Amino acid sequence: MRVTWDEASVAERARAFLAEHDPAATDRLEFLRARFDAGLAWVHFPEGLGGLGAPRELQAVADRELKGTPDNQPGRIGIGLGMAAPTILAFGTEEQKKRFLRPLWTGEEVWCQLFSEPGAGSDLATLATRAVREGDEWVVDGQKVWTSSAHTARWAILVARTDPDVPKHRGLTYFVCDMHAPGVEVRPLRQITGEAEFNEVFLTGVRLPDALRLGEVGDGWRVAQTTLMNERVAIGGTPSRRTMMGVVAETWRSRPELRTHDLHQRLLALWVDSEVMRLTAVRLREQLAAGHPGPEGSGMKLAFARLHQQLSGIEVEMLREDGLAYDDWTFRRPDTVDFIGREAGYRYLRAKGNSIEGGTSEILRNIIAERVLGLPAEPRADKDVAWKDLPR
């Protein structure tokens, strides 16, 4: 008999799970695996794939009941949770879903995203990485760039060109790439912060079995759109326990000697913007509960980038000479990005990347104009030109 899930039944399921799996007496990884198997990972996913087939909004009920138990370190596996998982769910075979979703959610396998290239960033559809079929395998050659977590990743979501004789959007295919396969080389990209959370990835004769293809051959652009829309929601619309607004407000309250009337007025305006963004994120998550993410996520990501940069700037200005201090320029390759746990100087520098990662602010404005506001699209002279004939 099919269960109709509501708040009470999900809460009861979570409490029954805790009665059988004491988090204090259970190995962390075993606890996470058991939680997945109990359908309390993503409650809106199908049964057997970490979910209950319940409404998406009931995830908050499960999370509330399981608060304080071992988590899957979402900051470390954000690309898998926010981008790979919904794409695999939408386009993967049953075998792919069963193979990848569980270790993805438990954090046993980290994922990265092989999309952007040196010559294909804002216009992703012009990418040149090639995948040529040889029997039941694909041979991949090319270069990707700005790849977060590539140095720790076990798997990657990859878009490659499989047909250069058709227009750029139609000749792409989407794959899962084994980051441990021969021919995959990861090189760090040191940032203005001194760290290298990003990487460039070189693919030389990388052989991927056709079983690692997601979606149909040539349908990679449509599959990638699912990833990109979820990425923007993950960056701009996901709630967190502490926010940049909260950090700056704490500085304001604890350092009265730094206050000025001008800073007060600007901070109040940013607080209003922050609250508007929070409420908009709530509405966006309610829309997600009814189906797939739409272009509205681009607006959230755009607002997130602007607000982070303005808040980090006002924080440095408010702290004066203390705001210019920097704790450590040592080169390192971190597993996560920690906006809140570092000092103001780090936040100021790292926030510059917010308007680039996950889609540049310029491209997002185009998406909002065309797909949300319904304004005329920009002329695209290359729309019907075969990729091989495009100037480079």
Side-chain angles (χ1 to χ4, degrees), residues 75-85 87-88 100 103-104 107-133 137-162 164 168 171-210 212-215 220-221 223-224 227-228 230-231 234-235 331-337 353 356-360 387 392:
R76 186 175 68 92
I77 58 173
I79 292 174
L81 295 175
M83 301 167 220
T87 308
I88 293 169
F100 293 122
L104 181 158
E108 294 172 76
E109 294 179 342
V110 177
W111 287 67
C112 66
Q113 180 185 20
L114 298 178
F115 277 31
S116 295
E117 299 182 4
S122 296
D123 187 4
L124 177 64
T126 61
L127 64 85
T129 294
R130 289 292 311 276
V132 177
R133 189 159 192 170
E137 290 185 320
W138 295 84
V139 182
V140 183
D141 290 277
Q143 180 186 355
K144 299 292 182 175
V145 75
W146 308 124
T147 308
S148 302
S149 304
H151 55 292
T152 61
R154 175 64 181 83
W155 299 100
I157 43 179
L158 163 71
V159 182
R161 187 162 304 282
T162 50
K168 58 184 182 181
L172 303 173
T173 302
Y174 198 112
F175 299 92
V176 171
C177 178
D178 182 354
M179 291 297 288
H180 292 176
V184 177
E185 180 185 1
V186 178
R187 300 179 189 174
L189 286 173
R190 192 171 189 183
Q191 300 147 234
I192 193 173
T193 60
E195 299 179 336
E197 70 193 66
F198 296 120
N199 303 271
E200 53 185 348
V201 179
F202 295 86
L203 306 162
T204 307
V206 178
R207 290 186 170 271
L208 302 177
D210 188 57
L212 290 180
R213 172 171 49 84
L214 277 182
W221 185 252
V223 182
T227 304
L228 293 172
N230 278 284
E231 177 182 28
I235 293 176
F331 174 75
R332 54 191 170 196
R333 305 178 78 180
D335 292 344
T336 61
V337 179
I356 300 173
E357 57 196 347
T360 66
W387 177 84
R392 305 197 228 301

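Quick caveat, the model's predicted, so the values are computed rather than measured.
Residues satisfying the side chain to side chain contact (heavy atoms under 4.5 Å, CB included) test with Ala156, not counting sequence neighbours, are Cys112, Leu114, Cys177, Met179. For the side chain to side chain donor-acceptor pair (under 3.5 Å) test, residues two or more places apart in sequence or in another chain that qualify with Gln191 are Glu197. Remark: Thr152 engages Val110, Ser149, Asp335 in a side chain to side chain contact (heavy atoms under 4.5 Å, CB included) (not counting sequence neighbours). When the side chain to side chain donor-acceptor pair (under 3.5 Å) test is applied to Thr87, the partners found at least two apart in sequence or on another chain are Thr227. For the side chain to side chain donor-acceptor pair (under 3.5 Å) test, residues two or more places apart in sequence or in another chain that qualify with Glu200 are Gln143. Residues passing the ring pair (Phe, Tyr, Trp, His ring centres under 6.0 Å) test with Trp387, sequence neighbours excluded: none. Applying the side chain to side chain contact (heavy atoms under 4.5 Å, CB included) criterion to Ala224, with sequence neighbours excluded, gives Phe115, Val159, Tyr174. Under the side chain to side chain contact (heavy atoms under 4.5 Å, CB included) criterion, Val139 pairs with Glu134, Asp141, Arg207, not counting sequence neighbours. The side chain to side chain donor-acceptor pair (under 3.5 Å) test applied to Arg161 returns no partner, not counting sequence neighbours. Among residues two or more places apart in sequence or in another chain, the salt bridge (charged side-chain N to carboxylate O under 4.0 Å, His left out) test is passed with Arg332 by Glu195, Asp328.
Put simply, the side chain of Trp155 reaches to within 4.5 Å of the side chain of Leu212, judged on heavy atoms. At a threshold of 4.5 Å between non-hydrogen side-chain atoms, the residues Arg133 and Thr162 do not count as touching. A heavy-atom distance below 4.5 Å is found between the side chains of Trp111 and Val176. Residues Arg333 and Val186 have side chains in contact (heavy-atom distance under 4.5 Å, counting atoms from C-beta outward).
For the residue pair Ala84 and Ile157, the shortest heavy atom distance occurs at CB-CG2, 4.0 Å. Shown here for Ala120 and Thr126, the closest heavy-atom pair between the two residues is CB-OG1, 3.4 Å. Annotation for Val201 and Ala150: closest pair CG2-CB, 3.8 Å, computed over non-hydrogen atoms. Val206 approaches Ala181 most closely through the heavy-atom pair CG1-CB, 4.0 Å.
Considering CD1 of Ile79 and CD1 of Ile77, their distance stands at 11.0 Å, rounded to 0.5 Å. With rounding to the nearest 0.5 Å, the separation of OG1 in Thr336 from CZ in Arg76 is 9.5 Å. Rounding to the nearest 0.5 Å places OG1 of Thr173 at 12.0 Å from CG of Leu208.
Among pairs with a residue in residues 110-123, those fulfilling salt bridge (charged side-chain N to carboxylate O under 4.0 Å, His left out) read Glu117-Lys144, Asp123-Lys168, at least two apart in sequence or across chains. For residues 145-158, the salt bridge (charged side-chain N to carboxylate O under 4.0 Å, His left out) pairs, not counting sequence neighbours, are Arg154-Asp178.
Shown are Leu228, Leu158, Thr147; of these, the side chain to side chain contact (heavy atoms under 4.5 Å, CB included) with Gln113 is made only by Leu228.
Arg190 forms no cation-pi arrangement with Phe331, by the criterion of a distance under 6.0 Å to the ring centre and an angle within 45° of the ring axis.
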